[in-house]
**Student:** 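Mind looking over this structure? Questions follow.
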Amino acid sequence: MTEEHEHYEAVVVGAGPGGAAAAATLAQNGIETLVLERGVEAGAKNVSGGLIYAEESAPYTIDSLFPGFREEATERPITNYRLHNVAGEKVKTFDITDLHEHDTEWSDAVLRRHMDSWLEDRIHKKTKETGGGLLTDVRVNGLLRENGKIVGVTCDELDPIRADFVVAADGVNSELARDAGLMDWEEPEEWFQGVKAVIDVPEEVIAERFDVDGDEGEAHLFSGDLFEGVRGGGFLYTNDDSLSIGTVFHLDSLVDERAEPHELLDNLLTHPLLAQWLDGHYDEVEYSAKLVPDSKKAAHPEPHRGRLAVVGDAAGQMQAQGPIIKGMNHAVTAGALAGEAFAEASMRGDPDAAGQLYSKKLGEEGVMKKLRPPQYRLARTLGENDTVTDLAESVLTSGLGRAVLRAGPVADRLENLYSSPFLSMMIPDTTTPYVTLPTVIAEELGTRVSDESDVEPKSLADRIGDLTYDTDVGNPHIELRDRSFEASGAAVTACPVSAEDFGGGCYRAETVGTNGDEETVVSLDTQPCVECGTCAIVADTDWEHPRGGKGVEFREG
């Protein structure tokens, strides 16, 4: 390496909320900062459920860094939060708004394309003032090293760029985190997969059917037997003039059950409970998917390496514990703390200490306790084994267990128990809290839904066809290392744009004959890929992002 490469004090990779927070904090401290974004525009590659929170205990919130954020970049404030326990057509609903409002200054529904592109304009202006700026259509493909030390980044579209500090805010599929050895894709149980449909619904219809004003909105969660035994659940969030409806499941459970994500989403969309909101207004405008790190297991306790700091999903900083689903706010805090740490370390004349200082700040500000709660570690030790799970399931489903559940003292307290911040952070990752318990609650305490659904979900082919792609012909970003069904067959069902007996997705199973024998193998077509990264975990592949501006482009996100 030579000094001829372009140099910046800081390079931020990714212009989502974590990267935006890092860039804003760096620029506010007078640090020359370059932001690199691989989408055609910030948000074009991003997907969220999604709610963004501002926590009262957080040192940074997105609106404190970007004035006018809530007025210009978000959809609706979420003022009511409901959890629906479902068993067939019987439903028992709990109001868990108290849990939603715990440590919450505010919470808004967002669509990432709108939100991130708004942030992009502000970041570009802030960073230009210190000699940097923001470039889109640039894929950062790795870390630049000199004598074994990280000194910058390498790109597909640009020459290598040197930097005194690199912030990897490049999302759940972070190539920089993997290059640095801070993240791997070896364990399906460390990940969730989210699938979402955005449904156009006129603003006046949302107001009438959810009984909300323009400055109010609702969040609904769904669990029980409508997802074929897969651990996880569904969600519905009200936007200004659309609904975000989706599902989030433990990836290992999806694989074990051979469930198809698009069908599980359809189970939710067609349930009669949703007819009260969707009747006559099912107009699906975008289908999307992403991986979600389970911070309880994946959040890196020391998310830095040399001059590199890793923030947000790239560092596993996604809090998904029972009804608590928070990620973007933690990315904002982490990004801002990373920028703050570099500014302080530079003032002390020791910029190489920024990573360690960033990690220390995450601990001091309580971020790591939220991401990796100590009570979950205890619950996991006691509850996440087959013997305890089998015992809990047999007790819950027994006549005695059902009688206890129906008893006044227990039934009357269930809503309060579900609203406990302490208990919500220790829920074990078993079928009991996600499937069995909510099913039994609905069977014993629920009422039958009388509405009938008229929703006919789009086919998977239509969902893929409605997406926008700039296919990078001749440059596939995924390659199969092992075509055998044993090694890569799980992707045929787990991939959100693939399915058994569907010939238009990424992964397809086919039977081939060789020397008189038949073998089931897997073929791959990356054109319809939504870049969620699922196959990188469940199939034997080489996976990387498409080049800058190529691949799928989300218009809602």
Side-chain angles (χ1 to χ4, degrees), residues 47-51 78 80-97 99-100 109 189 191-197 218-238 243-257 259-274 277 288-296 318-327 376 393 396 414-415 417-419 423-443 446 449 494 496:
V47 175
S48 173
L51 302 183
I78 297 302
N80 293 295
Y81 208 95
R82 304 284 189 266
L83 174 65
H84 305 282
N85 301 279
V86 181
E89 294 184 358
K90 294 186 71 175
V91 178
K92 177 62 177 177
T93 298
F94 294 143
D95 183 340
I96 57 171
T97 304
L99 176 63
H100 166 69
E189 61 267 25
W191 304 90
F192 299 89
Q193 184 203 78
V195 172
K196 186 179 78 168
E218 294 195 346
H220 295 261
L221 300 183
F222 308 86
S223 59
D225 71 353
L226 72 169
F227 299 121
E228 303 175 15
V230 184
R231 298 195 325 276
F235 62 84
L236 179 155
Y237 304 136
T238 54
L243 302 176
S244 293
I245 303 178
T247 55
V248 180
F249 297 106
H250 290 264
L251 185 56
D252 60 321
S253 186
L254 271 174
V255 172
D256 290 344
E257 301 296 332
E260 297 183 349
H262 71 106
E263 290 187 344
L264 299 180
L265 173 63
D266 291 348
N267 289 355
L268 177 59
L269 288 168
T270 58
H271 193 276
L273 178 62
L274 272 69
W277 303 309
S288 58
K290 70 165 290 184
L291 281 184
V292 181
D294 184 351
S295 69
K296 304 186 301 294
M318 170 70 192
Q319 184 183 3
Q321 294 151 349
I324 295 179
I325 305 173
K326 297 180 179 179
Y376 168 73
E393 301 271 309
L396 272 175
L414 279 173
E415 191 168 77
L417 292 173
Y418 270 88
S419 296
L423 292 178
S424 69
M425 297 182 79
M426 63 186 299
I427 293 175
D429 287 339
T430 66
T431 57
T432 305
Y434 291 101
V435 181
T436 310
L437 178 58
T439 300
V440 174
I441 287 174
E443 289 172 344
V449 178

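Excluded from the calculations below are hydrogen atoms, water molecules and symmetry mates; all remaining heavy atoms, backbone and side chain alike, are included.
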**Student:** With distance as the sole test, does Thr238 use its side chain to make a donor-acceptor pair with the main-chain N or O of Glu218 at under 3.5 Å?
**Tutor:**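 Yes.
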**Student:** Just wondering, do Lys196 and Ile245 contact through their side chains at under 4.5 Å, heavy atoms?
**Tutor:**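 They are not in side-chain contact.
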**Student:** Heavy atoms only: give me the nearest Leu251-Leu291 pair and the separation to one decimal.
**Tutor:**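 Taking every non-hydrogen atom into account, CD2-CD2, 4.1 Å.
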**Student:** Do Leu273 and His84 have side chains that get closer than 4.5 Å, going by heavy atoms?
**Tutor:**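 Yes, at least one pair of side-chain atoms sits under 4.5 Å.
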**Student:** Tell me, do Phe94 and Lys92 make a side-chain contact under 4.5 Å, heavy atoms counted?
**Tutor:**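 Touching, per the 4.5 Å side-chain cut-off.
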**Student:** How far apart are the closest heavy atoms of Leu265 and Ala197, and which atoms are they?
**Tutor:**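 Here Leu265 and Ala197 meet closest at CD2-CB, 4.1 Å.
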**Student:** Can you measure from CG (Asn80) to OG1 (Thr97) and round to the nearest 0.5 angstrom?
**Tutor:**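 Those atoms lie 5.0 Å apart.
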**Student:** List the atom of Pro496, the atom of Ala289, and the distance in Å for their closest heavy-atom pair.
**Tutor:**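 That closest heavy-atom pairing would be CG-CB, 3.5 Å.
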**Student:** Quick one, Met425 with Tyr376, criterion side-chain contact (heavy atoms from CB on, under 4.5 Å). Give me CA distance, side-chain angles, the key distance, then yes/no.
**Tutor:** CA-CA 6 Å; Met425 297 182 79; Tyr376 168 73; over 6 Å; no
**Student:** Counting C-beta onward and ignoring hydrogens, is there a side-chain heavy-atom pair between His250 and Trp191 closer than 4.5 Å?
**Tutor:**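 Heavy-atom side-chain distance check fails, nothing below 4.5 Å.
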**Student:** Are Asp429 and Arg231 close enough for a salt bridge, meaning some N to O gap below 4.0 Å?
**Tutor:**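 A salt bridge is absent here (no side-chain N lies under 4.0 Å from a carboxylate O).
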**Student:** For the CZ atom of Phe222 and the OG1 atom of Thr247, what is their distance to the nearest 0.5 Å?
**Tutor:**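 Reported value, rounded in 0.5 Å steps: 11.5 Å.
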**Student:** Using side chain to side chain contact (heavy atoms under 4.5 Å, CB included) as the criterion, point out the one residue from Val86, Leu396, Asn85 that pairs with Ile441.
**Tutor:**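 Going through Val86, Leu396, Asn85 one by one, the side chain to side chain contact (heavy atoms under 4.5 Å, CB included) with Ile441 is satisfied by Asn85 alone.
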**Student:** Regarding Thr436 and Glu393, do their side chains bring together a donor and an acceptor under 3.5 Å, going by distance alone?
**Tutor:**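 A pair is found: one side chain offers a donor N or O, the other an acceptor, under 3.5 Å apart.
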**Student:** From Ser48 OG over to Tyr237 OH, what is the distance, rounded to the nearest 0.5 angstrom?
**Tutor:**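 Here the rounded value is 8.0 Å.
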**Student:** Look up atom CG in Leu243 and atom CH2 in Trp277, then write down how far apart they are to the nearest 0.5 Å.
**Tutor:**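 Here the interatomic distance stands at 9.5 Å.
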**Student:** Can the ring centres of Phe227 and Phe249 be said to be less than 6.0 Å apart?
**Tutor:**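 Aromatic pair counts; centres sit under 6.0 Å.
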**Student:** For residues Val230 and Ala259, report the shortest heavy-atom separation together with the two atoms involved.
**Tutor:**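 The pair with the smallest heavy-atom distance is CG2-CB, 3.7 Å.
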**Student:** Counting C-beta onward and ignoring hydrogens, is there a side-chain heavy-atom pair between Leu423 and Leu417 closer than 4.5 Å?
**Tutor:**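 Yes; the side chains approach each other to less than 4.5 Å.
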**Student:** Would you say the side-chain atoms of Glu415 pair up with the backbone N or O of Asp95, donor to acceptor, closer than 3.5 Å?
**Tutor:**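 A pair under 3.5 Å: yes.
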**Student:** Is there a side-chain contact between Gln193 and Lys290, using heavy atoms and a 4.5 Å cut-off?
**Tutor:**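 No, every pair of side-chain atoms sits at 4.5 Å or beyond.
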**Student:** Determine the minimum heavy-atom distance between Phe235 and Leu221, stating which atoms define it.
**Tutor:**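 The answer is CB-CD2, 3.8 Å.
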**Student:** If we only count heavy atoms from C-beta on, is the Val91 to His271 side-chain gap below 4.5 Å?
**Tutor:**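 SC-SC contact between Val91 and His271 confirmed.
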**Student:** Of the non-hydrogen atoms in Ala442 and Ala87, which two are nearest, and what is the gap between them?
**Tutor:**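 Shortest heavy-atom separation between Ala442 and Ala87 comes out as CB-N, 3.4 Å.
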**Student:** Decide yes or no on side-chain contact (heavy atoms from CB on, under 4.5 Å) for Lys90 and Val449, but give the supporting numbers first.
**Tutor:** CA-CA 6 Å; Lys90 294 186 71 175; Val449 178; over 6 Å; no
**Student:** Side-chain contact test, heavy atoms from C-beta onward, threshold under 4.5 Å: evaluate it for Leu99 versus Pro323 and give yes or no.
**Tutor:**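 Side chain of Leu99 against side chain of Pro323, heavy atoms only: contact under 4.5 Å found.
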**Student:** How many angstroms lie between OG in Ser295 and CE in Met318, if you round to the nearest 0.5 Å?
**Tutor:**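 Reported value, rounded in 0.5 Å steps: 8.0 Å.
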**Student:** Give, for atom CD1 of Ile96 and atom NE2 of His220, the distance between the pair rounded to the nearest 0.5 Å.
**Tutor:**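 The distance works out to 11.0 Å.
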**Student:** How far apart are the C-alpha atoms of Leu226 and Leu268, what are their side-chain angles, what is the distance that settles it, and do they pass the side-chain contact (heavy atoms from CB on, under 4.5 Å) test?
**Tutor:** CA-CA 7 Å; Leu226 72 169; Leu268 177 59; 4.1 Å; yes
